[in-house]
Each structure stands twice: as C-alpha cells, then as structure tokens.
Amino acid sequence: RALTDPGELTWWFPSGAPMEVVERREPELLVASWSGDELRFELRPAADGCVLTFTHAFGDRDTAARSAAGWDRCFARVDALLAGTPMDEPTSLREWAAVHERYAEAWGVDPDVGRRAFAEHPLT
C-alpha cells in the first residue's frame with residue numbers, strides 16, 4: 001500500500017510532479033512516469049517480508065547524486081511509515097546534504113548541481 005495507495009504516497013513521495021502509473025502488477029510491480037523519467041518499484045518475497053528494488057531511469061548523469069540523495073530521503077520516510085512513526089519532509093531533509101556528498105564523491109559527479117538544487121528547495 002505504501003507504493004500504490006495515494007494516501008500512503010503523500011507520506012513519502014516527492015511533492016510536485018505527479019506520478020503516472022504506466023504498468024501495475026500487484027503486488028510485485030509498479031512502473032510509473034515521473035517528470036518524464038521512468039520509475040520501477042519491484043517487490044519480491046523474503047524470509048521476513050519482502051525486498052524492494054527501485055530503479056530511476058534518467059538521462060542526465062550530472063543529476064545522479066542529487067536524485068539518489070532525494071530518493072534516499074524518500075525511502076527513509078517509507079521506512080519510518082512502515083515502522084509506524086511517519087517522518088515529515090523537513091525532518092527527512094536534515095540528512096540530505098551529507099547523503100548527497102557521499103553519492104557525488106562515490107560516483108565522481110559534480111556536487112554543485114545538487115548543492116544548487118538543495119539551496120533552492122522550499123523546505124531548506
């Protein structure tokens with residue numbers, strides 16, 4: 001439900017551009033278009049629940065660290081939601097800068113792209 005229920009999505013999915021579902025095979029697959037990019041959410045059973053594999057296909061490598069840090073923070077909110085302690089967006093963003101810098105360094109991309117975007121974010 002955290003992936004498909006609109007009420008649940010409001011707790012963790014980025015606000016702004018809506019996600020348009022293009023393929024759904026419940027409960028294991030959800031493919032969506034979001035701001036022109038493809039998002040894939042795949043669930044597979046595991047011993048104590050399930051494993052989520054998330055893929056974001058985008059065309060501009062320079063935005064990789066920015067996007068990854070954003071999704072990291074969104075999935076921190078999913079974890080909190082599933083644990084029964086929902087996290088608001090401003091709280092999740094407290095760690096964004098540190099997460100972004102780790103991704104930028106690991107992937108060898110210019111961190112200024114993400115730094116500028118974060119500085120312009122309305123909640124920072």
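As the structure is a computational prediction, the values presented were derived from the model and not from experiment. The residues of the chain are indexed from 1 along the displayed sequence.
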Apply side chain to side chain contact (heavy atoms under 4.5 Å, CB included) to the pair Asp110 and Asp62, showing each step before the final yes or no.
CA-CA 7 Å; Asp110 183 359; Asp62 291 339; 5.6 Å; no
Donor-acceptor under 3.5 Å (Arg73 side chain, Trp96 main chain):
no
What pair of heavy atoms forms the shortest contact from Arg40 to Val31, and how long is it?
NH1-CG2, 3.4 Å
Relative to each other, are the rings of Phe13 and Trp71 parallel, tilted or perpendicular (30° and 60° limits)?
tilted
Rounded to the nearest 0.5 Å, how far does OG1 of Thr53 lie from CZ of Phe41?
11.5 Å
Assigning hydrophobic clusters by single linkage (Ile, Leu, Val, Met, Phe, Trp, Tyr; side-chain heavy-atom cutoff under 4.5 Å), is Val109 placed with Val99?
yes
Minimum heavy-atom separation for Trp107 and Ala64, please, with both atom names.
CZ3-O, 3.5 Å
Evaluate side chain to side chain contact (heavy atoms under 4.5 Å, CB included) for Arg102 paired with Asp72, printing each intermediate quantity in order.
CA-CA 12 Å; Arg102 285 194 304 268; Asp72 180 279; 5.8 Å; no
For Thr10 versus Arg77, what's the shortest heavy-atom pair and its separation?
O-NH2, 4.2 Å
Between Leu81 and Pro86, which heavy-atom pair has the shortest distance, and what is it?
CD1-CG, 4.1 Å
Decide whether Leu93 and Met87 are clustered together by the hydrophobic rule: side chain heavy atoms of Ile, Leu, Val, Met, Phe, Trp, Tyr closer than 4.5 Å, transitively.
no
Using a 6.0 Å cut-off, check whether atom CD of Glu95 has over 12 heavy atoms from anything other than its own residue.
no
Taking every non-hydrogen atom, the tightest pair across Gly108 and Arg61:
O-NH1, 4.0 Å
For Glu28, I'd like to know if atom CD has over 12 heavy atoms of other residues, nucleotides or ligands within 6.0 Å.
yes
Examine Phe118 and Tyr103 and state if one hydrophobic cluster contains both, with Ile, Leu, Val, Met, Phe, Trp and Tyr joined whenever side-chain heavy atoms are less than 4.5 Å apart.
no
Residues Leu43, Leu3; criterion side chain to side chain contact (heavy atoms under 4.5 Å, CB included); working and verdict
CA-CA 10 Å; Leu43 293 173; Leu3 299 177; 4.2 Å; yes
If you measure from OG on Ser92 to CG on Asp79, what distance do you get to the nearest 0.5 Å?
12.0 Å
OG1 of Thr63 to NE2 of His56: how many Å apart, nearest 0.5 Å?
7.0 Å
Assess whether a salt bridge exists between Arg25 and Glu23, defined as any Lys/Arg side-chain N lying under 4.0 Å from an Asp/Glu carboxylate O.
yes
Is it the case that one hydrophobic cluster holds both Leu39 and Leu29, taking links as side-chain heavy atoms less than 4.5 Å apart, direct or via other members?
no
How far apart are the closest heavy atoms of Pro111 and His100, and which atoms are they?
O-CE1, 3.1 Å
Supply the atom-to-atom distance Leu82 CG to Leu52 CG, rounded to the nearest 0.5 angstrom.
9.5 Å
Under 4.5 Å between side-chain heavy atoms, counting indirect links through other Ile/Leu/Val/Met/Phe/Trp/Tyr residues: same cluster for Trp34 and Val21 or not?
yes
For the pair Trp12 (side chain) and Ala2 (backbone), establish whether a donor and an acceptor sit closer than 3.5 Å, ignoring hydrogens and angles.
yes
